[in-house]
Amino acid sequence: LKKHFKYENGKLLWGLQSIDLQSYLNNYHNPVYFYDIQLIASRFLEMKNQLRGVDIFYAMKANPHIDILKKLKTLGCKVDVVSGGEINRALSVGFFPQDIVFSGVGKTISEINLAFDLQILQINVESLPELERIIKISQQKNKPISIALRLNPNVDIKTHPYIATGLQENKFGIDISQLDQAINLLRSQTLVELAGVSLHLGSQMQEFSGFQQALLKLKSDFLSLQKYFPTCKKFDVGGGLGIRYEETDLEWESQSLQNYSEIIFSTFRDVKAQLQTEPGRWLVAHAGVLVCQVQYIKQTPFKEFVVLDSGMNHLIRPAFYQAFHQILPLQQKNGPEKVYDFVGPICESSDFFAKNRKSLELRSGDFVAVLDCGAYASSMSSIYNLKDPAAEVCL
Ligand SMILES: Cc1ncc(COP(=O)(O)O)c(C=O)c1O
């Protein structure tokens, strides 16, 4: 079984405190997302320890649950946001404007106005027209703002194409060939201050050759920018540190964090830079499970389907990215193993959690836990088919 899961007296226990999930279910309409806040805290502390001196900005798009944000704030974490809604969520739990980095490719005028009015720490600028818009707003308001230029190094990190962001074909970041134009825009005015350079190559990085290549590429741009702009001191390495959904222990991930930090520190050993990072998935993915109930076991001459009361409306990752999530029954009963397709109630054939998956035999009414649902799960959910949202419970 995956780390932090065990069966005792046939019941599935989960988390750092070995909680019996079934015992919580009576309090809620199912399905329910459960989050283990202590697990998130321990992941954050592991990362903080490994990335000493690096400012950590949690990418709250992964999971903006209020209790998760509150906990991370108490531990000294800051936030990376991508909308006015996320800025307001961050403020509502007590983050200061100077704890906020604002990323995202389509910032609206009103979102940029908000960033100016609050005087947030930094806007990561994704395009020349966005830079022009920010300069115009600074002049209208006669107010300064700090920005970083998010550069697109055209590097492949070998992840799913839908979560790769550092290639020329992706909409993200300023192409390096346009850097001179960005420099000219910045030098033509005084209110928008260049605080640094940022990159984000995509999510679920499992190996770091592309990351290393991108850091080296952008390090030289960073050094040349410093010649024009003495204020350019920050280097934001983005998020993207991957996890292993299919593996049971977390050793690989700790090792991977270590390799990641060694690459960052060795690249910047000879450079004076305030380093920043924007992790999402690595901090929270393992700390969530989605518990849902079997409605029907539907047998056809070709397949056996487990029809759940939760589907792509609550967890779109399998449909969207062919993502893998382990599924465990809450009650461990004796019986044969079966091979099932786990599907949801939504009127789409892409509405499945797993196909041809071996499982203990299940019956209508049984509960199952879908593992590793702490990141990009409830935060990507919808009300498609006007199904109720899942409840979210912090343990
Ligand atoms: C700009 C930016 N930073 C950070 C992240 C977090 O990525 P991850 O959850 O893979 O660490 C994302 C996610 O896509 C992002 O777009």
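Both ligands and their constituent atoms are indexed starting at 1 by order of listing.
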> Return the protein residues near ligand 1 (heavy atom under 4.0 Å from any of its atoms), ordered by chain and residue number.
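Lining ligand 1: Ala59, Lys61, Asp80, Ser103, Arg150, His200, Ser203, Gly239, Gly240, Glu278, Pro279, Gly280, Arg281, Tyr376.
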
> Using a 6.0 Å distance limit plus a 45 degree cone around the ring axis, check whether Lys355 lies over the aromatic ring of Phe352.
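Cation-pi check for Lys355 and Phe352: passes.
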
> I'd like to check the salt bridge (charged side-chain N to carboxylate O under 4.0 Å, His left out) partners of Arg187; sequence neighbours left out, ordered by chain and number.
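By the salt bridge (charged side-chain N to carboxylate O under 4.0 Å, His left out) rule, Arg187 matches no residue at all.
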
> Test of understanding: with salt bridge (charged side-chain N to carboxylate O under 4.0 Å, His left out), list the residues that count as partners of Lys141, not counting sequence neighbours.
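So Lys141 forms a salt bridge (charged side-chain N to carboxylate O under 4.0 Å, His left out) with Asp117.
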
> Mind checking salt bridge (charged side-chain N to carboxylate O under 4.0 Å, His left out) for Glu8 and listing every partner two or more places apart, or none if nothing turns up?
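Result, salt bridge (charged side-chain N to carboxylate O under 4.0 Å, His left out) vs Glu8: Lys6.
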
> Can you tell if the side chain of Tyr340 reaches within under 4.5 Å of the side chain of Lys303, non-hydrogen atoms only?
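Answer no - side chains too far apart.
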
> Are the charged groups of Arg244 and Glu253 less than 4.0 angstrom apart, N to O?
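Between Glu253 and Arg244 there is no salt bridge, as every charged N stays at least 4.0 Å from the carboxylate O atoms.
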
